[in-house]
Amino acid sequence: MRLMRNVMKSRGAGCVLAIAVVLPAAGGPAFALPAAPAAPSGSPDAGDPGATLLPPLPVRLGEGSPCTGTSGQTATGAAWSQTALGLSRAQRISRGDGVTVAVVDTGVSTGVPSLSGRVEAVDAAADDCVGHGTFAAGLIAAAPEKGSGIAGVAPQAEILALPGTDDRGVPSVERVAAGIRTAADRGAQVIYVGQTLRTGKDELTAAVAHATRRDALVVAPAAPDAVPREEQGPDGEMPEGPYWPAAAPGALAVVDFGPGGVRQKNAPPAHEPDLSAPGGEMVSVGPGGTGHYIGSGASLAAAGVAGTAALVRAYHPDLTAAEVTRRLLDTAYPSDTPRLDPYAALSLVQERAKPAVRAPAPVRMPAPADPAPHIRSLTIAAVGLTTVLLLAALAAVIPRGRTRNWRPPTAS
């Protein structure tokens with residue numbers, strides 16, 4: 001593999017940028033990697049002998065290319081994405097403890113110190129020749145290491161590694177579908193898929209439905225990180241998608257943006273993304289040692305969303321996978337594609353659906369009584385009252401009449 005680098009100094013940002021093109025051996029697919037920063041914001045500029053160039057993360061290896069080795073460079077400061085996501089605040093609320101995130105990708109190395117003791121690999125997934133799965137796992141769950149400011153979104157989450165590609169990084173429908181199903185059956189609460197496929201609609205839709213029934217949230221990129229030349233049009237046109245499993249019902253489709261708030265120039269088009277997250281110029285661990293690599297793409301943005309889902313599921317264990325998805329979308333920053341906001345997803349109070357309130361039962365009035373007895377009672381009472389009044393009048397008149405001997409009174 002040959003690397004061609006042009007180093008360019010960014011006067012405004014004060015950091016070194018590396019433009020890298022990865023050219024596999026003859027016969028293998030070629031992938032152009034977009035511009036990426038050599039070090040996180042705040043690093044020394046190109047004139048400083050302490051400036052660090054991080055090696056670019058390969059997207060896929062050509063036939064005969066050696067496996068990605070250990071990086072000899074370490075990023076000492078925090079990555080821009082950590083600041084953009086507000087992780088220092090979000091991680092004061094949750095760090096993903098007790099949540100398992102499955103990584104269906106090129107594998108995850110178990111020898112990375114920042115992931116030590118928290119990676120369980122299924123089948124051959126412990127050997128990550130390409131390095132992409134380990135890089136993504138670091139974005140999801142890497143713990144901070146001495147001498148470095150790089151950390152994942154959910155640094156206490158567990159990683160379950162499953163193979164979704166061959167050792168060259170080429171995915172297959174069968175591997176990805178099996179990885180999703182196995183992850184769900186093993187109890188993963190979040191399932192990250194680091195690859196895009198243009199075929200396999202039925203198989204991958206069924207696999208996502210299987211995961212959904214087991215209350216696992218599937219997060220996948222809505223665009224490839226790079227497109228092989230043989231899949232491009234005659235004039236270099238990029239395919240438009242859809243991409244699976246991101247397009248499957250129940251999956252959370254993610255697209256990337258860079259430090260400037262936009263996607264990198266010439267990035268492959270995204271297909272109907274649900275959410276956007278930092279994915280350009282990302283810094284994370286390689287398949288061994290404590291050094292770091294740099295990379296860009298929607299798959300890396302999806303890793304950040306998977307890590308945030310782990311934070312939410314740890315802090316709100318009563319929420320279902322569908323409710324976690326809704327929470328991530330409802331609390332996202334408004335944009336053309338809503339932007340992930342981990343702190344808001346954790347801290348904002350949302351009312352869950354309330355049970356329907358029954359309307360009060362109508363008051364039933366008794367049937368009107370027969371008026372005849374009531375009328376008779378009133379008649380008897382009136383006659384009785386009249387009799388009493390008549391007797392009282394007679395009692396007053398008769399004695400006076402007797403006194404006058406029944407003569408009328410005379411005028412004086």
Side-chain angles (χ1 to χ4, degrees), residues 29 31-32 34 59-60 102-106 132 136 162 164-165 169-181 183-184 190-213 216-257 262-277 279-280 296-306 309 321-322 325-326 328-329 332 335-340:
F31 299 93
V59 176
R60 193 175 294 178
V103 175
V104 182
D105 204 341
T106 61
H132 189 277
L162 302 107
T165 73
V170 180
S172 70
V173 172
E174 295 74 20
R175 284 191 176 98
V176 173
I180 294 172
R181 289 177 176 275
V190 181
I191 302 174
Y192 163 80
V193 179
Q195 304 292 326
T196 57
L197 292 153
R198 297 182 64 195
T199 60
K201 174 182 178 180
D202 293 341
E203 298 93 328
L204 294 171
T205 297
V208 172
H210 178 83
T212 301
R213 287 192 296 270
L217 171 57
V218 177
V219 183
D225 292 348
V227 178
R229 288 177 183 153
E230 61 268 21
E231 295 182 14
Q232 300 177 15
D235 296 323
E237 300 94 342
M238 298 287 186
E240 298 289 340
Y243 297 106
W244 308 96
L252 190 55
V254 183
V255 70
D256 56 300
F257 62 84
V262 296
R263 300 191 72 205
Q264 292 193 353
K265 186 178 180 180
N266 299 325
H271 179 78
E272 298 182 359
D274 301 309
L275 197 60
S276 62
S296 295
S299 71
L300 308 183
V305 173
T325 296
R326 178 49 49 196
L328 293 176
L329 296 176
S335 183
D336 291 341
T337 302
R339 298 194 171 192
L340 179 69

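Predicted, not measured: the structure shown is a model, and the values here were computed from it.
Residues Q195 and D105 meet the side-chain proximity criterion, which asks for heavy atoms closer than 4.5 Å. A heavy-atom distance below 4.5 Å is found between the side chains of V305 and L275. In this structure, the side chains of R339 and F257 come closer than 4.5 Å at one or more pairs of heavy atoms. At least one side-chain heavy atom of P249 sits less than 4.5 Å from a side-chain heavy atom of T205. The shortest distance between side-chain heavy atoms of H271 and V255 does not fall below 4.5 Å. Side-chain contact between L300 and H132 is present, with heavy atoms from C-beta onward closer than 4.5 Å.
In this structure, CG in L197 is found 9.5 Å from CD in E174, a value given to the nearest 0.5 Å. Of the inter-residue distances, the one linking I191 atom CD1 with L217 atom CG reads 8.5 Å to the nearest 0.5 angstrom. D336 contributes atom CG, which lies 9.0 Å from atom OG of S276 (distance to the nearest 0.5 angstrom). Atom CD of E240 and atom CD of E272 lie 11.5 Å apart (nearest 0.5 Å). Distance check, rounded to the nearest 0.5 Å: CH2 of W244 to CZ of R198 gives 12.5 Å. For the atom pair OG1 of T196 and CG of D225, the computed distance is 7.5 Å after rounding to the nearest 0.5 Å.
The two residues T212 and G250 come nearest to each other via the heavy atoms OG1-CA, 4.4 Å. The two residues A248 and V208 make their nearest non-hydrogen contact at CB-CG2, 3.9 Å. Summarising the geometry of A309 relative to L328, their closest heavy-atom pair is CB-CD1, 4.3 Å, with the distance given to 0.1 Å. Closest non-hydrogen pair, A177 versus E203, comes out as CB-O, 4.2 Å. Of all non-hydrogen atoms in A184 and H210, the two that sit nearest each other are CB-CD2, 4.1 Å.
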Full working for side chain to side chain contact (heavy atoms under 4.5 Å, CB included) between D256 and R263
CA-CA 6 Å; D256 56 300; R263 300 191 72 205; 3.0 Å; yes

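With hydrogens and angles ignored, the 3.5 Å screen pairs no side-chain donor or acceptor of S335 with any backbone N or O of P338. Not one N or O on the side chain of D274 forms a donor-acceptor pair closer than 3.5 Å with the backbone of L252.
The side chain to side chain contact (heavy atoms under 4.5 Å, CB included) search around A220 returns V193, P245, A246, not counting sequence neighbours. Residues passing the side chain to side chain contact (heavy atoms under 4.5 Å, CB included) test with A302 are Y192, V219, P221, V254, sequence neighbours excluded.
Between P224 and the choices P171, P268, S299, the side-chain contact (heavy atoms from CB on, under 4.5 Å) rule is met once, by P268.
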